[in-house]
Amino acid sequence: MIKPLEGLTVLDFSQFLSGPSATLRLADLGARIIKIEHFEKGDITRNIYAPHLNIGDNSAFFQAINRGKESLCADLKNANDIELIKKIAAKVDIVVSNFRPGVMDRLGLNFENFKAINPKVIYAEINGYGSEGPWRDKPGQDLLLQAVSGATYLTGGNSDGPTPMGLAIADNLAGAQLVQGILAALMADEAMHVEVSMLEAMLDFQFEPLTLYYQDGEAIDRGDQNAAHALVAAPYGLYKTQDGYIALAMGAIPILGKLLDCDPLLSYEDPASWFAKRDEIKLIIASHLSTQTSRHWLSILEPADIWCAEVLDWKRLIAHEGFKALNMLQTVSSSDGDTYQTTRCPIRFDDQLLTSIKGAPKLGEHTPFITEEFQ
Amino acid sequence: MRLPLEGITVLEFSQYLAGPYAGLRLADLGARVIKIERPKGGDACRQLATKNLRADGDSVLFHTINRNKESFAADLKCSHDVDIVKKLIAKADVITHNFRPGIMERLGLDFASIKEIKPDIVYGEVSGYGSEGPWKNKPGQDLLAQSLSGLTWVSNDSDKAPTPFGVAVADMLCGTHLAQGLLAALVKRKRHGVGSKVNVSLMESISDFQFEGLTTFLNTGEKLPQRSNVSNAHPYIGAPYGIYETADNHIAISMTNLTSLGEVIGCKGLDTYRSPQEQFNARDEIKITLANHLKTRTTREWLDLMEAKDFWCSPVLDYDQLTQEDTYKILEIEQTVTRDNGVSVKTTRCPIRLNGKKLKSNKASPRLGSANAYLLEELGI
């Protein structure tokens with residue numbers, strides 16, 4: 001199978017997570033990624049985390065997000081390096097950056113500059129908060145975007161206070177939206193400037209609670225009992241059992257009461273009460289489910305087609321036949337033969353997996369090769 | 001500006017969130033998206049009213065996900081209707097569905113059959129857990145996918161129960177990946193003249209989302225991530241990363257040099273942790289010191305001190321506060337969409353900008369079957 005983006009080249013100035021997550025996807029889809037890195041320090045994620053989380057000399061995060069890319073060292077303040085970069089830019093299809101607004105302008109590397117040397121270039125940019133307004137120069141860091149976008153009032157219960165989602169959600173979403181914009185732009189056959197801010201990506205992510213808020217103006221109420229989603233009725237949540245946790249999604253409360261042999265649930269006949277009285281209902285379910293094992297409850301609920309699941313951690317996930325059947329993991333190697341296991345692209349084409357054995361590059365690993373190719 | 005997907009037609013058999021979210025993004029980017037819905041009730045999401053909020057008979061959630069689309073009502077159990085749908089398919093570029101395995105085959109609308117009608121079709125399928133293995137018939141529902149994936153162990157403090165993300169994150173990511181796959185397939189069709197089948201699942205998407213953590217876990221001795229017990233915000237990041245209470249509200253502080261932070265905010269005892277390893281190992285004790293100190297002054301006072309030195313910090317806003325901010329207003333993220341009978345809903349716009357332009361459309365979600373008459377006419381039926 002020909003990968004969909006085979007033959008396309010991306011010049012990638014981006015660092016950290018948001019931009020690199022976008023170019024990782026483009027690499028998975030078949031594009032060649034030339035990653036520009038600071039000639040001494042490289043991408044900041046190579047070393048920013050605690051060393052016990054390293055694979056080889058670089059953080060596992062770096063290794064995960066930069067596999068399959070080529071690394072070109074450059075000093076963006078050096079005229080010779082800029083000259084080389086412009087020669088490369090003239091021949092690529094896509095340029096990606098995620099500096100704060102204004103930085104690429106100062107370097108003479110903005111959309112207009114690239115368009116002058118490459119009339120069909122797609123210039124794709126991620127910033128934190130858009131290029132206008134009082135926040136434009138603020139650092140576009142994931143936790144900060146979660147904090148200003150209202151998202152910390154969606155997870156956990158009211159008594160937990162503002163609770164961030166424990167992964168780089170804003171980076172990931174901004175990167176994913178940028179990929180959509182880039183791929184759409186490839187359909188247009190003309191130069192195009194694609195922009196996504198992390199803030200807009202976070203607001204799009206919250207389109208459901210925000211749209212409801214625009215209608216009724218009510219503050220988000222996460223509830224306190226087994227909180228899982230501020231807008232959804234009981235039983236929606238995770239529940240402690242004798243030996244672990246199970247998840248219950250949507251379901252009719254009296255039916256649940258009958259199945260679980262939990263009489264107090266039978267009186268909640270009005271579906272509107274499942275939202276209005278969700279904490280009260282969840283408390284009843286919670287005390288009832290704590291008396292038996294997860295397997296016990298699931299063996300009753302699953303055959304009755306109730307939407308439920310075990311709560312797994314990564315150890316149990318990767319050992320599970322359900323996960324193994326997805327073939328979600330792949331092993332990649334670096335140029336000196338070190339190998340590591342990571343995930344693959346989540347999209348399948350024509351029933352085939354998109355995998356590649358190429359690991360992340362050493363800093364400047366491809367500098368001589370790329371210099372010769374484009375000089 | 002001509003939108004890049006103008007001229008592309010998408011037939012959306014998908015219901016609920018993941019598939020329709022992909023359709024929404026393609027519509028934002030210029031595609032014509034026609035929902036194919038059951039004559040009785042349509043997309044089940046029309047009735048899925050979170051917070052019991054509805055507009056013009058449909059849930060506000062449905063309005064949010066399906067703005068800027070058309071609706072064609074067809075009974076796929078009736079061969080007459082299937083024949084009409086096949087005529088629509090012959091003129092379409094993209095199809096998406098999220099039926100359980102086997103259903104499209106029975107309807108004669110699987111990839112192989114569609115290719116007979118439209119050889120270069122881009123055919124997108126969404127499932128919960130793929131088509132093989134013991135989970136293949138499990139309900140493809142967001143909370144369940146989160147629970148199985150291990151994601152519930154990264155948010156909230158370590159003494160708290162596993163905590164799901166309070167947004168349908170598996171659905172949203174899966175819809176995003178579907179849109180990426182469909183777009184990549186359209187690019188391939190443009191370059192090579194061939195169609196593709198694209199498959200995504202909630203489980204693969206939510207696993208991909210955890211790729212950095214999973215890669216760390218798999219290659220550093222399979223030690224499970226430990227949430228911090230104080231102001232947890234990410235299980236792999238050391239102090240001060242987290243959200244802290246202040247005298248009047250909260251403040252978010254990201255990665256930073258602790259010694260200089262201590263100097264700037266006058267907090268003693270932070271200068272002993274200099275390396276990333278120390279900032280990780282001692283994160284709970286560092287965060288307790290910080291938490292006690294930050295309670296003594298207001299968020300604004302701390303921000304004034306820290307922002308002057310370009311520390312990575314920010315206020316913690318709820319929707320009331322966020323929507324008052326100038327940056328929020330300048331972004332113009334809100335737009336009002338209106339049905340032909342005048343019913344309107346205020347919602348968000350596409351987060352992608354092209355050539356500096358915000359992509360907006362005032363077209364609301366369709367009433368069930370509102371495109372039947374003119375689509376039949378377009379087909380000459």
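Throughout, a chain's letter reflects where its sequence line sits, starting with A, and its residues are numbered from 1.
- Interface remark: B:L202 contributes no atoms to any contact with chain A (heavy atom separation under 4.5 Å).
- Neither the backbone nor the side chain of B:K223 comes within less than 4.5 Å of any heavy atom in chain A.
- Of the atoms belonging to A:N226, not a single heavy atom falls under 4.5 Å from chain B.
- Contacts between B:A145 and chain A at a heavy-atom distance below 4.5 Å are absent for every atom of the residue.
- Aromatic ring centres of A:F207 and B:Y21 lie closer together than 6.0 Å.
- Heavy atoms closer than 4.5 Å to chain B are found in the side chain of A:L199, but not in its backbone.
- Looking at B:L178, there are no atoms closer than 4.5 Å to chain A (heavy atoms on both sides), in backbone or side chain.
- Looking at A:K240, neither its backbone nor its side chain comes within 4.5 Å of chain B, counting heavy atoms on both sides.
- Here the side chain of B:W153 pairs a donor or acceptor atom with the backbone of A:L312 at under 3.5 angstrom.
- Neither the backbone nor the side chain of B:K329 comes within contact range of chain A, judged by heavy atoms closer than 4.5 Å.
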Residue pair A:E6, B:R191: steps toward the salt bridge (Lys or Arg N to Asp or Glu O under 4.0 Å) verdict | CA-CA 10 Å; A:E6 237 168 89; B:R191 299 172 71 223; over 6 Å; no
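- Within the 3.5 Å criterion, the main-chain N or O of B:G166 finds a donor-acceptor partner in the side chain of A:T155.
- One finds the CZ atom of A:R67 at 8.0 Å from the CZ atom of B:F211 (value rounded to the nearest 0.5 Å).
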Audit row: A:K138, B:D310, salt bridge (Lys or Arg N to Asp or Glu O under 4.0 Å) steps and yes/no = CA-CA 8 Å; A:K138 277 172 75 71; B:D310 208 18; over 6 Å; no
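- For B:D28, no part sits under 4.5 Å from any heavy atom of chain A, backbone or side chain.
- Using a distance-only test at 3.5 Å, with no hydrogens or angles considered, no donor-acceptor pair links the side chain of B:N355 to the main chain of A:M192.
- Interface residue A:M328: only side-chain heavy atoms are found under 4.5 Å from chain B.
- Side chain of B:K188 to main chain of A:I2: a donor-acceptor pair is present (N/O by atom type, distance under 3.5 Å, no hydrogens or angles).
- Contact annotation for B:L354: both backbone and side-chain heavy atoms come within less than 4.5 Å of a heavy atom of chain A.
- Ring centroid separation for the pair A:H52 and B:F280 comes in under the 6.0 Å cut-off.
- In this structure, A:D350 contributes its side chain and B:K197 its backbone to a donor-acceptor pair below 3.5 Å.
- You'll find the side chain of B:L224 reaches within 4.5 Å of the side chain of A:K315, heavy atoms only.
- Listed for the B:N219 side chain is a donor-acceptor partner under 3.5 Å among the backbone atoms of A:Q341.
- Using modelled atom types, no side-chain atom of B:T215 and backbone atom of A:T342 make a donor-acceptor pair closer than 3.5 Å.
- Counted within 6.0 Å of CD on B:E132, heavy atoms from surrounding residues, nucleotides or ligands total 12 or fewer; the atom is thus considered open.
- When heavy atoms are compared at a cutoff of 4.5 Å, B:H177 approaches chain A by way of both its backbone and its side chain.
- The shortest side-chain heavy-atom distance between A:L238 and B:L143 falls under the 4.5 Å cut-off.
- Between the OG1 atom of B:T64 and the CG atom of A:L210 there is a distance of 9.5 Å, given to the nearest 0.5 Å.
- Per-residue counts of heavy-atom pairs under 4.5 Å with chain A were compared for B:V167, B:D318, B:T163; the largest is that of B:V167.
- Neither the backbone nor the side chain of B:L26 has a heavy atom closer than 4.5 Å to any heavy atom of chain A.
- Counting only N and O atoms by type, the side chains of B:W135 and A:E321 include no donor and acceptor under 3.5 Å apart.
- Using a 4.5 Å cut-off between heavy atoms, B:T152 touches chain A through its side chain atoms alone.
- Both the backbone and the side chain of B:T327 have a heavy atom closer than 4.5 Å to some heavy atom of chain A.
- Ion pair A:D204/B:R349 not flagged as a salt bridge, since none of the NZ, NE, NH1 or NH2 atoms sits closer than 4.0 Å to an Asp/Glu carboxylate oxygen.
- Residue B:H63 does not touch chain A at all, counting heavy-atom pairs closer than 4.5 Å.
- Within the 3.5 Å criterion, the main-chain N or O of B:K346 finds a donor-acceptor partner in the side chain of A:Q215.
- By number of non-hydrogen pairs under 4.5 angstrom with chain B, the leading residue of A:G130, A:S197, A:S149 is A:S149.
- Both the backbone and the side chain of B:F209 come within contact range of chain A, judged by heavy atoms closer than 4.5 Å.
- Both the backbone and the side chain of B:L186 have a heavy atom closer than 4.5 Å to some heavy atom of chain A.
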